[in-house]
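Naming: A, B, ... by sequence-line order, numbering from 1 per chain. For the numbers below, each heavy atom of this structure counts, side chains included, while hydrogens, waters and symmetry mates do not. Here the structure is a predicted model, which means the values were calculated and not measured.
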Amino acid sequence: MGSNTSSGKRSPVWLVISLTAAIIFWQIIADYVVRNKFILPSFTDTLEALFDLWAGGTILIDIWTSLMHFAIGLLLALAIGVPIGICIGWFERVNRLLDPLIEIIRPIPPLAWIPFAIVWFGLTDFSAGFVIFIGSVFPILINTYEGFRSVPRVFVEAGRMLGCTSSLCLIRYIALPAALPHLAAGFRIASGVAWMCLVAAEMFGVSRFGLGQKIWWYYNLHQMDSVLVYMLLLGFIGLFIDYLFRYGIDHSLLRWRVGEVN
Amino acid sequence: MGSVEISDITREFTRDDGLTVMAIGGVSLSIADDEFVSFVGPSGCGKTTLLRIIAGLDQATSGTVLVDGNTISGPSPKVGMVFQEYSLFPWRNILDNVAFGPEMRGISKEERYALARRYISLVGLDQFEKSYPYELSGGMRQRVAIARALANDPDLLLMDEPFGALDAQTRNKMQSELLEIWDRSKKTILFVTHSVDEAVFLSDRIVVMSPRPGRIRAVVDVPIQRPRDRTASEFGKLRRDVLGLIEEQSRQAND
């Protein structure tokens, strides 16, 4: 039970040890085994590339552009996925009407939409946002639907007995708050998928900036150390976004759920 | 206020295999204002279904229910309900749970909180108004559920085995508290229970139901003065009588 003594906060010592070991291992493999900067840039190569890019590159504009694509896609997915999820979760007829369509469109990989995205919206930021939207709308929609389906009947009946009788009232005051944990889970999954679609969408040259665009760009210039910088940036920003959503949602919206879990 | 007139209620359910099952086969009963009536009977006797029909949550196949002369066709704020399962909204704290009914009636925030606090204090949970349901014990949750139902000031309060999930000691305590609340707020209470002891302790009258289809087997008056002593001989005798009626039912049903 030794690990329980420091429960709550995990010691950062392990994080430092694990990262340091990985970096040393990486450096040794790159310098003494691979010995080819093109195949595997070492840690110090990558660090140097980062400094160069920071000084003379477009890192901040790239981050900004990618976050914009990400936000366009995800906000659009929320604006469309949540209402549709609510309708098919609450109204059985809407479910029967839309379910076949959703099931047919859903398995199409988001990246398969890229040609149409370009035909419809041109090489624009919105075009990238659209591909991200396709990727993230289904997790949001399906989770909203599931959340509405699993609202305990007793909550709805209690609401009706207390004077909340219309569908609109029951959705707003009972089903939506009860389904919020499902919605939050869907949103998190969607943000992960969105982040993945982002790279592919940007690789097709929808804009002159962006983290995914730059990966392709530096690959064409054969600057693999810069490619690695952008890969790591994607990883860290993705991690940060997930952290932000998780803690933002758990600590404000879902405070009431703390005790429900155990 | 709060008289109930049940006339010739039947309720049929259609099973998945297409057969219809009669859950309630013709129940009629008159309940006076401010009366406390319990429904007991073996499982499958339709007592919960009957309560849900009176609540407006379920529709009778035939027959009518009048509450204060008005036909029940759906849930009404004049009729409150306390469920067997924990029905508090877990995303709302205690104050907001109790204030839910007044909120739905469009009462201003200050007023509905004042109202909710009055009922929270009636069930003795003043210090918990900011707590969330998960922080409360089972007995406390059902107290809040009672306060929430009362906050709409219904004339008729329906209770579907509200203390069924509680331990024996908490249960006895809740029964006494319920009688106090009933005494202070004077409304009609219809109470479904599995426990004959509970029914004899609480009620003015006990409706004994028989299963398949659910019918009223007997209506037993409880002439014992309140507060009632569970160990008194007349209490024991009444409990034996009612139990006898129920056992007769289950024996016949099993034959």
Side-chain angles (χ1 to χ4, degrees), chain A residues 82 85-86 89-92 143-144 146-188 245-262, chain B residues 48 51-52 54-58 72-94 96-107 112 116 130-137 141 144-154 156-160:
Chain A
V82 171
I86 288 174
W90 190 263
F91 303 104
E92 184 53 37
N143 273 272
T144 306
E146 289 290 340
F148 268 66
R149 274 299 155 110
S150 51
V151 174
R153 198 176 66 157
V154 69
F155 291 162
V156 176
E157 291 188 339
R160 291 175 66 201
M161 291 311 295
L162 292 165
C164 181
T165 45
S166 70
S167 273
L168 199 66
C169 181
L170 288 168
I171 289 172
R172 159 125 167 52
Y173 288 99
I174 309 287
L176 197 57
L180 215 52
H182 278 90
L183 261 82
F187 188 63
R188 257 189 88 194
F245 285 163
R246 190 150 41 122
Y247 283 79
I249 289 167
D250 284 356
H251 285 250
S252 55
L253 280 177
L254 300 180
R255 208 182 83 75
W256 56 270
R257 245 190 123 225
V258 180
E260 298 262 307
V261 183
N262 43 26
Chain B
T48 291
L51 203 72
R52 290 174 57 82
I54 300 169
L57 291 173
D58 200 346
I72 290 291
S73 55
S76 137
K78 293 278 110 195
V79 180
M81 178 128 173
V82 178
F83 296 84
Q84 178 181 15
E85 312 103 290
Y86 297 133
S87 63
L88 296 182
F89 305 135
W91 57 90
R92 286 178 166 241
N93 66 22
I94 299 317
D96 280 318
N97 257 290
V98 178
F100 186 84
E103 187 179 343
M104 291 304 111
R105 281 185 286 144
I107 291 172
R112 67 176 186 251
K130 290 278 177 252
S131 304
Y132 280 85
Y134 74 84
E135 298 171 286
L136 269 52
S137 69
R141 288 186 208 188
V144 177
I146 293 169
R148 185 174 68 173
L150 292 175
N152 258 356
D153 196 23
L156 171 63
L157 185 60
L158 308 172
M159 305 184 86
D160 183 13

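For a residue to count as touching a neighbouring chain, one of its non-hydrogen atoms must lie under 4.5 Å from one of that chain's; by this rule B:Arg52 touches chain A with the side chain only. Neither the backbone nor the side chain of A:Leu180 has a heavy atom closer than 4.5 Å to any heavy atom of chain B. For chain B, no part of A:Arg172 is nearby; none of its heavy atoms comes within less than 4.5 Å.
Among B:Pro77, B:Pro154, B:Ala55, the residue making the largest number of heavy-atom pairs under 4.5 Å with chain A is B:Ala55. Considering only heavy-atom pairs separated by less than 4.5 Å from chain A, the leading option among B:Arg92, B:Glu135, B:Arg148, B:Gln84 is B:Arg148.
Residues of residues 97-107 of chain B lying under 4.5 angstrom from chain A, judged on non-hydrogen atoms, are B:Phe100, B:Gly101, B:Glu103, B:Met104 in numerical order.
For the pair A:Ser167/A:Trp90, a side-chain contact is recorded, criterion being any heavy-atom separation below 4.5 Å from C-beta on. Annotation: side chain of A:Phe155 is not in contact with side chain of B:Leu88 (no heavy-atom distance under 4.5 Å). B:Pro133 has its side chain out of reach of B:Val144: every pair of non-hydrogen atoms, C-beta onward, lies at least 4.5 Å apart. For the pair B:Asp96/B:Phe89, no side-chain contact is recorded, criterion being any heavy-atom separation below 4.5 Å from C-beta on.
More than 12 heavy atoms of other shown residues, nucleotides or ligands fall within 6.0 angstrom of atom CZ in A:Arg246.
With rounding to the nearest 0.5 Å, the separation of CG in A:Leu176 from CG in A:Leu170 is 12.0 Å. Expressed to the nearest 0.5 Å, how far CZ of A:Arg188 lies from CG of A:Leu183 amounts to 14.5 Å. In this structure, CG in B:Leu57 is found 10.0 Å from CG in B:Asp160, a value given to the nearest 0.5 Å.
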